[in-house]
*Asks:* 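Take this structure, written in structure tokens, and hold onto it; I'll ask about it next.
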Amino acid sequence: MIKFERFELENGLKVIVHQDKSTPIAAINILYNVGSRDENPEKTGFAHLFEHLMFGGSINIPNYDEPLQRVGGENNAFTSNDITNYYLTLPKFNLETGFWLESDRMLSLAFTEKSLEVQRSVVIEEFKQRYLNQPYGDVWLMLRPLAYKNHPYQWPTIGKEISHIENAKMEDVKDFFKKYYAPNNAILVVAGDVEVADIKRLSEKWFGPIPKAEKVKKEFQKEPIQSEPRRLTVEKDVPLDAIYKTYHICGRSEKEYYVADLISDILSRGDSSRLYRELVKNKKMFSEISAYLTGDIDPGLLVISGKLIKGISVELAESAILQELEKIKTELVSENELNKVKNKIESSNAFSEMSVPNIAMNLAIFENIGDANLINTEIDLYLNISDQEIKTQANLIFNENNCSTLFYLSKN
């Protein structure tokens with residue numbers, strides 16, 4: 001059981017504290033409720049650009065990393081479709097340094113042309129290296145607009161195209177910061193050998209004076225129910241043919257999400273999972289294959305992707321995938337197989353609770369979904385799923401009218 005306390009500052013900043021006396025390390029996690037789905041479709045990649053800009057220094061602290069490293073700390077961040085998350089660890093007796101750093105860049109990020117130019121160049125290089133010049137790197141640049149027609153999940157966090165970042169103006173950047181990087185759009189979590197009273201004092205001291213922003217209405221275009229199969233075939237300079245199939249599922253906070261997650265685990269978690277056992281090991285059609293959820297707050301995707309063995313056609317390979325999906329739609333999962341995937345989820349859940357930074361991050365993510373206490377109750381949502389629920393949900397998901405398929409073929 002992960003114990004924690006919550007409080008909220010007058011400016012709307014939500015603060016969660018988890019005390020763990022067994023560690024000399026303190027973790028600070030600050031989650032901003034802004035991701036790529038919040039972007040203007042003509043100005044994409046801004047949330048990810050800001051992840052980089054936030055390390056470019058604030059008005060009072062020109063180099064974020066230097067004072068943190070000086071007190072034995074380290075940090076990182078990530079951007080998703082839904083959130084931007086910053087996290088750091090440092091010795092508990094240097095905790096106030098973390099509050100100073102995070103509050104200063106929330107209050108007064110340095111908007112200089114030099115910083116913008118440097119970080120813009122970094123992001124453009126990342127776009128080229130990871131998405132354009134890497135085998136299969138551009139998959140999501142094609143899959144997202146194939147699967148989504150209305151909702152802003154139709155582009156990846158890096159953005160639709162490089163030109164959106166190249167053309168980012170200082171005015172656009174400032175507007176984005178003012179709109180989303182504010183205390184009432186953030187969740188601060190502190191975990192470690194800390195006292196709640198101390199965290200209240202530090203939160204008030206460092207974050208209390210920061211003014212709140214105008215509340216942003218989160219109204220996104222709903223994605224209509226997909227009513228026919230969508231297919232795209234491309235030929236690229238890659239070593240092996242690959243198949244990507246995406247099926248629409250519910251959002252992260254729905255009960256059915258956990259059923260869909262179990263289904264993806266039955267299909268591809270570990271060497272004894274169905275897709276690996278049948279299509280890699282027995283039939284030797286794929287060199288690798290996986291099934292996973294995108295994990296989005298709004299309705300997301302269950303993805304099946306695999307790279308084919310040379311000489312196997314994509315049509316034959318897709319047919320083999322569909323045969324496996326038909327089994328989970330028509331036959332009840334055995335008690336043994338269901339318990340096996342539940343046990344794996346239970347053990348990975350327990351493992352994630354051994355790390356203070358992980359606990360801090362999970363508390364922030366769950367609070368953003370709707371309730372930080374999901375960190376304690378989510379496992380029961382998995383353990384209580386029945387074989388009949390698996391079958392029912394599989395029939396709802398695995399309908400080819402609900403599927404977008406990408407055949408990624410090798411020119412060779």
Side-chain angles (χ1 to χ4, degrees), residues 80-81 126-149 153-161 226 228-249 260-261 263-296 300-328 394 397-412:
S80 77
N81 298 105
E126 182 183 342
F127 200 126
K128 289 175 181 174
Q129 282 190 0
R130 288 183 54 198
Y131 292 82
L132 302 183
N133 300 334
Q134 187 170 297
Y136 315 101
D138 59 353
V139 161
W140 284 104
L141 292 172
M142 294 181 283
L143 259 184
R144 284 196 172 277
L146 189 65
Y148 291 101
K149 299 303 176 187
Y153 286 161
Q154 64 190 265
W155 58 85
T157 52
I158 197 77
K160 282 183 183 179
E161 52 189 71
Q226 189 173 330
E228 60 183 14
R230 296 174 190 155
R231 303 178 80 80
L232 176 65
T233 300
V234 296
E235 219 177 76
K236 302 267 183 167
D237 190 14
V238 293
L240 299 167
D241 292 346
I243 293 177
Y244 299 85
K245 293 182 74 66
T246 66
Y247 296 87
H248 292 278
I249 61 166
D261 200 19
I263 289 171
S264 72
D265 281 359
I266 289 166
L267 290 173
S268 89
R269 187 165 185 164
D271 291 353
S272 62
S273 62
R274 293 186 177 195
L275 293 180
Y276 182 86
R277 191 178 66 238
E278 283 303 311
L279 306 186
V280 176
K281 210 169 174 184
N282 295 346
K283 294 182 179 174
K284 295 181 170 52
M285 301 177 84
F286 287 84
S287 60
E288 60 182 71
I289 191 164
S290 61
Y292 58 92
L293 309 188
T294 52
D296 303 308
L301 301 170
L302 187 154
V303 184
I304 297 173
S305 66
K307 294 187 176 67
L308 280 59
I309 296 290
K310 285 199 173 186
I312 302 292
S313 73
V314 285
E315 291 80 11
L316 189 64
E318 183 186 30
S319 176
I321 291 172
L322 294 176
Q323 284 175 33
E324 291 306 312
L325 300 186
E326 198 58 33
K327 289 177 190 174
I328 205 167
I397 296 169
F398 298 130
N399 174 346
E400 286 307 287
N401 287 331
N402 183 43
C403 183
S404 297
T405 304
L406 172 64
F407 286 166
Y408 201 115
L409 305 182
S410 165
K411 281 182 181 176
N412 304 319

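Side-chain atoms are counted along with the backbone in the values below, which use heavy atoms only and exclude waters and symmetry mates. Just so it is clear, the structure is predicted and the values come from calculations on it, not from any experiment.
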*Asks:* Any side-chain donor-acceptor pair under 3.5 Å between E278 and N282?
*Replies:* yes

*Asks:* I need the L302 CG to I397 CD1 distance, nearest 0.5 Å.
*Replies:* 5.5 Å

*Asks:* What's the verdict on side chain to side chain contact (heavy atoms under 4.5 Å, CB included) for I321 and I289, showing C-alpha distance, side-chain angles and the deciding distance?
*Replies:* CA-CA 10 Å; I321 291 172; I289 191 164; 4.1 Å; yes

*Asks:* Looking only at heavy atoms, which two atoms of W140 and P156 are closest? And how far apart?
*Replies:*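 Smallest interatomic distance, heavy atoms only, reads O-CD, 4.2 Å.
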
*Asks:* If I take atom CG from residue L409 and atom CD1 from residue I243, how far apart are they, to the nearest 0.5 angstrom?
*Replies:* 9.0 Å

*Asks:* Less than 4.5 Å apart, any side-chain heavy atom of F127 and any of L132?
*Replies:* yes

*Asks:* Just how far is it from atom CG of L267 to atom CG of L325, taken to the nearest 0.5 Å?
*Replies:*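 Those atoms lie 6.0 Å apart.
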
*Asks:* Does K281 NZ have over 12 foreign heavy atoms under 6.0 Å away?
*Replies:* no

*Asks:* Measure the CG-CD1 distance between L240 and I312 for me, rounded to the nearest 0.5 Å.
*Replies:* 11.5 Å

*Asks:* Quick one: NZ on K327 to CD on E324, what's the gap to the nearest 0.5 Å?
*Replies:*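 CD of E324 is found 3.5 Å from NZ of K327.
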
*Asks:* List for me each residue that meets side chain to side chain donor-acceptor pair (under 3.5 Å) alongside E126, sequence neighbours excluded, and say none if there are none.
*Replies:* H48, H52, R130

*Asks:* Please find the pair of heavy atoms, one from R269 and one from S273, that lie closest to each other, and give the distance.
*Replies:* N-CB, 3.3 Å

*Asks:* If the condition is side chain to side chain donor-acceptor pair (under 3.5 Å), which residues does E400 pass it with, not counting sequence neighbours?
*Replies:* K245, Y247

*Asks:* Taking all non-hydrogen atoms of both residues into account, name the closest pair between D138 and Y408 and its distance.
*Replies:*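 Nearest heavy atoms, D138 then Y408: OD1-OH, 2.7 Å.
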
*Asks:* Does the side chain of P229 come within less than 4.5 Å of N401's, by heavy atoms?
*Replies:* yes

*Asks:* Can you name the nearest heavy-atom pair linking L279 to A320, along with the distance?
*Replies:* CD2-CB, 3.7 Å

*Asks:* Quick check for you: to the nearest 0.5 Å, what is the distance between I263 atom CD1 and F398 atom CZ?
*Replies:* 5.5 Å

*Asks:* What are the two closest non-hydrogen atoms of A147 and R230, and how far apart are they?
*Replies:* O-NH1, 3.0 Å

*Asks:* Okay, side chain of T157, backbone of N81: is any donor-acceptor separation there less than 3.5 Å?
*Replies:* no

*Asks:* Is it the case that over 12 heavy atoms from other parts of the model lie below 6.0 angstrom from the NZ atom of K128?
*Replies:*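 Open: at most 12 neighbouring heavy atoms sit under 6.0 Å from NZ of K128.
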
*Asks:* Taking all atoms of both residues into account, what is the closest heavy-atom pair of G159 and L141, and its distance?
*Replies:* O-CD2, 3.6 Å

*Asks:* Please confirm whether the backbone N or O of L301 pairs with a side-chain atom of T294, one donor and one acceptor, at under 3.5 Å?
*Replies:*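 Flag set: sc T294 to bb L301 pair under 3.5 Å.
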
*Asks:* State, yes or no, whether a side-chain contact exists between Y136 and K236 at a heavy-atom distance under 4.5 Å.
*Replies:* no

*Asks:* What pairs of donor and acceptor atoms, side-chain ones from residues 303-311 against any protein atom, are under 3.5 angstrom apart with sequence neighbours left out?
*Replies:*
unit_1: S305; atom_1: OG; unit_2: S290; atom_2: OG; d: 3.3

